[in-house]
Q: 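Below is the structure I would like to discuss, written out as structure tokens.
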Amino acid sequence: METNRQKKIGGVLQQDLAEILQNHLRDAGINGILISVSKVKVPTDLSIAKAYLSIFPAKNASEMLEQLNAIKPKIKHELAQRTKHQLRRMPDLEFYVDDSLEYIEKIEKSIKGEENPIANPDLLERRKKS
């Protein structure tokens, strides 16, 4: 169960991280890719911040994740500068691709009968636990 403090810190990090990532895309001249931060989870000791990112189009997700991991120290520093009055210590960042929207889309297609997972079970891959 998340405490109110964890939720508040997660919310602050989510908002600032979203702005930082959008600025990074713009500064790097990357067009046609949209990144949104769907959730940031922090444990009670605030040691890590798990950021769940929705990357559109999804085909660029793993490549984008690699690029973000390569500049993680820069992102962490910028985030620390923005949150220095709210947080004493900046948690380590971990980026994850949030594929829940794709998953929902597949379920909707199945419901509408566009794709039938009963006739073709390969359509729905096994859900990854996060």
Side-chain angles (χ1 to χ4, degrees):
M1 178 86 183
E2 265 189 322
T3 63
N4 281 338
R5 180 169 176 252
Q6 286 170 280
K7 288 177 188 169
K8 191 173 182 179
I9 290 169
V12 167
L13 292 175
Q14 180 180 359
Q15 193 173 6
D16 286 336
L17 189 57
E19 286 177 28
I20 290 168
L21 294 179
Q22 290 301 332
N23 292 342
H24 165 70
L25 285 178
R26 192 179 56 242
D27 295 346
I30 300 171
N31 295 321
I33 294 182
L34 183 72
I35 297 180
S36 65
V37 183
S38 51
K39 183 183 255 182
V40 175
K41 283 187 168 184
V42 287
T44 45
D45 66 354
L46 307 178
S47 57
I48 14 176
K50 293 182 178 182
Y52 294 87
L53 310 174
S54 289
I55 301 171
F56 183 83
K59 66 180 186 336
N60 302 36
S62 57
E63 180 190 328
M64 203 67 231
L65 209 58
E66 269 181 46
Q67 288 181 20
L68 292 176
N69 280 319
I71 60 164
K72 198 187 289 184
K74 183 182 172 201
I75 295 171
K76 182 179 174 181
H77 176 74
E78 198 173 328
L79 200 52
Q81 293 301 308
R82 287 176 176 233
T83 58
K84 65 184 173 193
H85 299 298
Q86 292 133 311
L87 290 176
R88 256 180 275 156
R89 191 175 151 263
M90 184 65 215
D92 287 327
L93 296 174
E94 288 183 5
F95 297 122
Y96 297 92
V97 174
D98 180 6
D99 62 351
S100 56
L101 290 175
E102 288 172 64
Y103 192 68
I104 291 167
E105 195 176 310
K106 285 182 180 177
I107 291 172
E108 284 178 346
K109 281 183 178 177
S110 301
I111 291 170
K112 290 175 185 169
E114 292 171 28
E115 294 177 352
N116 186 345
I118 294 167
N120 183 0
D122 297 335
L123 287 172
L124 289 176
E125 80 263 8
R126 297 280 165 244
R127 187 79 170 123
K128 299 177 285 290
K129 289 189 174 146
S130 51

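Not measured: the values here are computed from a predicted model.
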Q: Could you check Leu25, Leu17, Asn23 and say which one makes a side-chain contact (heavy atoms from CB on, under 4.5 Å) with Leu21?
A: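 So, applying the side-chain contact (heavy atoms from CB on, under 4.5 Å) to Leu21 and each of Leu25, Leu17, Asn23, only Leu17 qualifies.
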Q: Quick check on Asn4: does its CG atom have over 12 non-hydrogen neighbours (other residues, nucleotides or ligands) under 6.0 Å away?
A: no
Q: Quick one: which residue pairs count as a salt bridge (charged side-chain N to carboxylate O under 4.0 Å, His left out) with a foot in residues 70-91, not counting sequence neighbours?
A: Asp16-Arg82, Glu19-Arg82, Lys76-Asp92
Q: Mind checking side-chain contact (heavy atoms from CB on, under 4.5 Å) for Ala28 and listing every partner two or more places apart, or none if nothing turns up?
A: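 So Ala28 forms a side-chain contact (heavy atoms from CB on, under 4.5 Å) with His24, Ile30.
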Q: Could you state the interatomic distance from CE (Met64) to CD1 (Ile35), rounded to the nearest 0.5 Å?
A: 4.0 Å
Q: Please tell me whether Tyr96 and Leu46 are part of a single hydrophobic cluster in this structure, the criterion being side-chain heavy atoms less than 4.5 Å apart.
A: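 Result: no, two separate clusters.
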Q: Tell me if a side-chain donor or acceptor on Thr3 pairs with a main-chain N or O of Gln6 at a distance below 3.5 Å.
A: yes
Q: Starting from Ile71, can I reach Ile55 by hopping between I/L/V/M/F/W/Y residues whose side chains sit under 4.5 Å apart?
A: yes
Q: Using the rule that two of Ile, Leu, Val, Met, Phe, Trp, Tyr join whenever any of their side-chain heavy atoms come within less than 4.5 Å, decide whether Val37 and Ile75 are in one cluster.
A: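 The answer is yes; both residues are in one hydrophobic cluster.
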Q: Sequence neighbours left out, what passes side-chain contact (heavy atoms from CB on, under 4.5 Å) with Glu63? Give chain and number order.
A: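 side-chain contact (heavy atoms from CB on, under 4.5 Å) list for Glu63, sorted by chain: Gln67.
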Q: State, with a plain yes or no, whether a side-chain heavy atom of Ile9 is found less than 4.5 Å away from one of Pro91.
A: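 Not in contact.
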Q: Tell me which pairs pass side chain to side chain donor-acceptor pair (under 3.5 Å) where either residue lies in residues 27-42, with sequence neighbours left out.
A: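 Only Ser38-Asp98 qualify under side chain to side chain donor-acceptor pair (under 3.5 Å).
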Q: Enter the distance from Leu79:CG to Met90:CE here, rounded to the nearest 0.5 Å.
A: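 Here the rounded value is 3.5 Å.
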Q: Roughly how far apart are Gln15 CD and Ile20 CD1, rounded to 0.5 Å?
A: 11.0 Å
Q: Name all residues meeting the side-chain contact (heavy atoms from CB on, under 4.5 Å) criterion together with Ser62; count only those two or more places apart in sequence or in a different chain, and write none if there are none.
A: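 Testing Ser62 for side-chain contact (heavy atoms from CB on, under 4.5 Å), a comparison that skips the adjacent residues, returns none.
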Q: Is there a chain of hydrophobic side chains (I, L, V, M, F, W, Y, each step under 4.5 Å between heavy atoms) that links Ile33 to Leu53?
A: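 Yes, because Ile33 and Leu53 connect within a single hydrophobic cluster, where side-chain heavy atoms sit under 4.5 Å apart.
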Q: Out of curiosity, Leu87 CG to His85 NE2, how far, rounded to the nearest 0.5 Å?
A: 11.5 Å
Q: In the hydrophobic cluster built from side-chain contacts under 4.5 Å, what are the other members alongside Phe56?
A: Leu34
Q: Check whether Val97 and Leu13 end up in the same hydrophobic cluster, where Ile, Leu, Val, Met, Phe, Trp and Tyr are linked by side-chain heavy atoms less than 4.5 Å apart.
A: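 Shared cluster, yes.
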Q: Nearest 0.5 angstrom please: Leu68 CG to Leu93 CG, how far?
A: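 CG of Leu93 is found 10.0 Å from CG of Leu68.
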